[in-house]
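Below, chain A is the first sequence line, B the second, and so on; all start at residue 1.
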Amino acid sequence: MEQNYNHQKIEKKWQDKWEKDHVFKVDKNSQKEKKYVLDMFPYPSGAGLHVGHPEGYTATDIYSRYLRMNNYEVIHPMGWDAFGLPAENYAIKIGVHPKKSTAENIVNFTKQIKSLGFSYDWEREINTSDPSYYKWSQWFFLLLYKNNLAYQKKAPVNWCDSCQTVLANEQVVDGKCERCKNEVIKKDLKQWFFKVTEYADELLEGLDKLEWSHALKTMQKNWIGKSEGAEIKFQITNNKFQTNSLPTGQAGKFQIPNSKKIYFATGNKSKLERLKKLFKKIDPQIKIEQVPDYVDVEENGQDAWENSLKKTDPYQGKYDVPVLSMDTAVFFSNEDEVDPLAPKRSCLKGVDEKNLTQEEIAEKALEFYKNIAQKNGGEKEFYYEDFWTILYPNGEHQQIKNRRDYILTDQQAGDLDIYFPMKNLYYSKVSGKRFFENTAEDFFKEFECQANVLKELILPKIINPPTSEEALGIKVFTTRPDTLYGATYMVLAPEHQLVQELKISIENFSEVEKYIETTKKKSDLERTDLNKNKTGVELKGIKAINPVNGKELPVYISDYVLATYGTGAIMCVPAHDQRDFEFAQKFNLSIIDVVQSQRKTKVLIVHGFMATSKDDWFPWLKKELEKLNYEVLVPDLPDTKNPILKDWLKILESLVQDFAEDDIIIGHSMGAFAAQHLAQKIKINKLFLVAPVSEFMVDDQTRTESIKENFTKEQIEILRKFTDYQLNYQNIKSNVEKIYAYFSDDDPYTSDKQQKQLVEKLPGEYRVLKNKGHINISDSRVSVFELPEIISDIEEKIRATEAQGKMINSEEFDGMDSEKAQQKITKKAGGKLTTQYKLRDWLVSRQRYWGAPIPIIHCPKCGAVPVPEKDLPVLLPDDVQDFRPTGQPPLALSKEFNKNVQCPKCGGEAIREHDTMDGFVDNSWYYYRYLDSQNEKEFCAKDLIKKYMPVDTYVGGTEHAVGHLIYSRFFTKVLRDNGYLPADRSLGEGGDFDEPFLKLINQGLIMGTDGQKMSKSLGNVVNPDEVVEEYGADSFRMYEMFMGPLEDSKPWNIDGIKGLRRFLDKNWRYFSDINYGDESNNQVVSILHKTIKKVTEDIENFRFNTAISSLMVCLKILSSLNSPDKTLVDSYLIMLSAFAPHICEEIWQKLGNEGFICRQEWPKYDEKLIVEDKINLPIQINGKLRATLEIEVDISEDDLKKQILGLENVQRFIDGKEIVKFIYIKGKIVNIVTCLSADK
RNA sequence: GCUGAAGUGGCGGAAUUGGUAUACGCGACGGACUUAAAAUCCGUUGGAGGCAACUCUGUGUGGGUUCGAUUCCCACCUUCAGCACCA
């Protein structure tokens, strides 16, 4: 007898036989029902297979073999996900062309996979990097393009400036380039996208009908991230640049004539010169001249807008050239004496100027302004506003204004200018220079705002005056439109388009620009790492108008708002959004509550030693807080003259039982010590310690004297006992949101030292009050009846309340349920209800070599033109020597690829797209290709799709939860919408399928022996080859299945494999000297049928570990027979063959059977044969097992009761007690319930 | 922080309409076979107590429901995974 079997010989033998006989080839003409069982195909890495790969493959193999034996036609293919970055990186690393290294890796992988005896139909093998495959990947690109689902857009990508290249996310480490450690920035590059978002809703809803794990479904749900809310628009105003649409007969479009001439209505030569200079810079082609018949108009309007308009009046209808005019006003804040429209008059108030010379008048004016400066410490900020009007030949007007900022000094520079005395006293805030010091560059800087305004007025050929609907505005998306009245500011994403559009209106644009720059430099990591530390810049000069109440809100940019989500802008409600709250705190913005929680906030006040709730400031505080809508508890604590902490806590703990995270505890003196004890155990919002006694007090030598003076010895002893407990400050810190403590500078018991010790342990808000003693009326020196300081601290908002509730501060909506108010407030704001998704469009461009070229040609005349289908595939050129990323896509370097490229539309010279496609494009449709892998005309024939799709069972890791599995679903939906799926495609028992994978099973990771994820860098990768060599493929397969549930992650531990090998050896020996006979008994038959049932059900549910364990039990039972019945043993062997196919084929053959065991029929079980007639019945008394009894199954309850009560052990436990209940669950258990004692 | 999954012997793990907790395997210990070892076979193996029959205790922690809870409910702790300023 052979002790052990020779696995190396046997396994090779059967693998060859299976291949030679095409045992696993799908029969195309089969009439059997189909099952498509699919593994996620591997990327053939250079490292070869590791023990994690075969876990899923073994599971599907067992399942496939099981299905075949149950008369299904099983499609079970394998192939290679060969394109993509990992393959290319590996090739770069070893210095071999990826085509070559990939081919080698595939050879190695094939060998390894085949050594495990999987039942793949190898004739369907595919390779995504083969032109016959990627031709169809390119075809899919064109399909999407035709459907407007593929488009080009600028997108920010990771860019390393020193390497001159785009980096993949995994190549960016801590915001720095993996290779050169240079800081990585975001760069806008034109990229190709697939519009997955178009199908967002369908991808979400389709999940319901799939048999996927709950975890995976929620992962996809979160990724798609649907949220419902409202889109609301806020109008913008600004004080630096404002267009003033005048009422005209025909509001609409102004046409500027083609003549490039403009008249300027002014008598002031220097203003004209200045304007000429500015126009030269704006547009040299525009000529500006003084209006031919200049008329001096009296500036007697009510405001500068009116004055400016008046100046153009004389020229109404006179010229076919636009006429420009301007009036300037000067603004000093808090200087009421200066009239903005008539500054000269302001200087000469009360002066009789008739007898004065021009010089003297100028001197007076100069004095006047010097005075203003002096009054303000030598310098005073002020600004000019220029109000421009343009009169168009058609008689319509357009107005616009700008603002220039200056600083007035009391230091005169240069000679007195009698026409403009003030000129010598100020310098520009922009250039920092005085008028006569200006260089040409300074001049343009100083007057840039004027230039911008003029540009805005003149340059566009057509000007659209803002109408109420089209006016500039900030659109926001919010899920809480009910809180609109609480919006106190707005934030735009730094990348928001509006920021650039409002450039001329933003006073601090250079600061804004700087912030945008630093944001770009921040890596995603930094942006999220500094989660709580909000940054941002206000857009000065800009305000937004709240549409419901007309309030002006400041506008900021900040990187906590993402450009890619919603509208890239938000309204901020700091009272009810934590992020807004943090930002508002940092920038000192107001916080308005608009939703009130339904629950009153609770406050517990704990009094101190020898005090009561009636004493001191407690009644006052209770009254004040109740006015403010708090629920206040001030318990009287027992034995206040001889308090025991434990007794106090017992009462206090019951009081705070229903305290929530919003509630507050206040403790005074010794009560503060008790309060700290409470805070160790429950989560609360605020903890107030007033003149707190802490564990430090007893040891405070600076207070020994005064304590002795005020307390008797007994009292000090009580105090010591009370505080003799260690506090867990760590717990208090994590339980309490904010801690406040009050000390008094003349407290006889608590000192600075205690305060310092406490603040070290419990950081928070610490205040030292003046002359409040121990903040206690029983203090002999000071009486304290009120403590007003505490109210504002209690009221202080320290975090946003995001819950729904009742509306307040919201005008007519007050009192309404906030959820109901959402729709109504949205309506009032003129917004609309919308839905947003987190899902982004799929970026498919890669500036890399090893991928399918994007089939697009760029023509200078026709733009992006798709390559015609007949020209596919666009071959990946072989003549790229250096395929390392160099900043330019490697395909740009190929001569072959760029030779004779013609535009398919116009035939002109054109350029090929140089980017390749993301590898996920290739593997989004590979399961179709398996069905028709040789087809040269279609990606897959329609009748084969109808016959074999969808995939019935798909097995793979979770790592593809949101990539591959979403994209594949997306591709299938696109195929459906383009008629590529057969019309009457079936889904299980009828109905249409538009989901590729009906059932999905995620195998867990197999980790290294160290419990960490297997990776080359950790050196914990286990290669199956050695294991297979030593123990055999069958042992290996069984062991991987036996390790635990397929879905769990588990560390690899080779020790256990011995048990499985032992089991197979046992089988070998058992069958080596088996003598068939007719022996069988009820017990053995029952066990066998039980095993068939168990194994069948376990395989159906992918619970292979328990299936194997019942096979082990079954063998043990079979071994008890000397000459077993052949059918019994055969049934067992057939089941085992799904798990350990090689050895079972060999045994099958050695036993003289015909054909392959893998082609036998799966055994059936008979429910009747499983039922045993005798069972061991457990007997409990009061729920505890006291005895077992072997009974006939159909024994009557009365008989049973008699038998049980006769049992010795049962007697012992019942012993005179009354039997209250006798519970018998047929065939399962008996429980006897008795009274506790005999007397009752 | 949010979402999801999970916590059971020395280890991998089993046990679901609530009904004998630790199946099966590994390891360990004892024994048989052997000159010896390996292999193989047999036995023991959650903890505490007891000569023993047996008793108490025990499925992350604390409560609850129930005749009976690893399983159901509530609160908490820990671990793993995914997402992460998503308005």
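If you measure from atom CG of D1065(A) to atom C1' of A38(B), you get 14 Å, rounded to the nearest angstrom. I1179(A) places its CD1 atom 18 Å from the P atom of G68(B), with the value rounded to the nearest Å. Here U16(B) presents its P atom at 12 Å from CD of E1097(A), a figure rounded to the nearest Å. The NZ-P distance, from K1184(A) to G58(B), rounds to 8 Å in whole Å.
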Please list, pair by pair, any protein nitrogen or oxygen found under 3.5 Å from a nitrogen or oxygen in nucleotides 42-52 of chain B.
none

Which protein N or O atoms sit under 3.5 Å from an N or O of nucleotides 74-82 of chain B?
none

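C83(B) and U17(B) are spaced 36 Å apart, taking the P atom of each and rounding to whole Å. Only the C1' atoms considered, G18(B) is 12 Å distant from U65(B), to the nearest whole Å. Comparing C73(B) with U20(B), their C1' atoms sit 25 Å apart, to the nearest whole Å. Taking the P atom of each, U16(B) and G30(B) are spaced 37 Å apart, rounded to whole Å. With C1' as the reference atom, U8(B) and U3(B) are 26 Å apart, rounded to whole Å.
Defined by atom type and a distance below 3.5 Å, a donor-acceptor pair is missing between the side-chain atoms of K1221(A) and N1231(A). Counted by atom type alone, E1047(A) and N1002(A) present zero donor-acceptor pairs between their side chains at under 3.5 Å. Under 3.5 Å, the side chains of Y5(A) and S1072(A) contain no donor-acceptor pair of N or O atoms.
Partners of F587(A) by ring pair (Phe, Tyr, Trp, His ring centres under 6.0 Å), not counting sequence neighbours, listed by chain and number: Y556(A), F583(A). With sequence neighbours left out, E231(A) forms a salt bridge (Lys or Arg N to Asp or Glu O under 4.0 Å) with K475(A), K832(A). When the side chain to side chain donor-acceptor pair (under 3.5 Å) test is applied to S1120(A), no partner is found at least two apart in sequence or on another chain. Qualifying salt bridge (Lys or Arg N to Asp or Glu O under 4.0 Å) partners for K1090(A), counting only residues two or more places apart in sequence or in other chains: E1172(A). Evaluation of the side chain to side chain donor-acceptor pair (under 3.5 Å) rule for Y837(A) yields D201(A) as partners, not counting sequence neighbours. For W223(A), the side chain to side chain contact (heavy atoms under 4.5 Å, CB included) criterion is met by L839(A), V962(A), I966(A), not counting sequence neighbours. Every residue two or more places apart in sequence or in another chain that forms a salt bridge (Lys or Arg N to Asp or Glu O under 4.0 Å) with E737(A) is listed here: R799(A). Evaluation of the side chain to side chain donor-acceptor pair (under 3.5 Å) rule for S1110(A) yields no partner, not counting sequence neighbours.
Residue S227(A) places its side chain closer to A87(B) than to any other of U40(B), C54(B), A87(B). Checking C85(B), U55(B), G4(B) against every side-chain atom of T218(A), the shortest atom distance belongs to G4(B). The side chain of R1069(A) lies closest to U40(B) when the candidates are U3(B), A87(B), U40(B).
Along RNA chain B, the nucleotide nearest M1043(A) and the nucleotide nearest R1186(A) are compared for position; the residue whose nucleotide lies closer to the 5' end is M1043(A).
Consecutive Watson-Crick or G-U pairing (both distances under 3.5 Å) extending over three or more pairs maps onto RNA chain B as B:1-7 with B:77-83, B:10-12 with B:24-26, B:27-32 with B:40-45, B:46-49 with B:54-57, B:60-64 with B:72-76.
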- Footprint string (nucleotides 19-30 of chain B, 5' to 3'): B base within contact, S backbone only, - free, heavy atoms under 4.0 Å: BB--BBSSS---
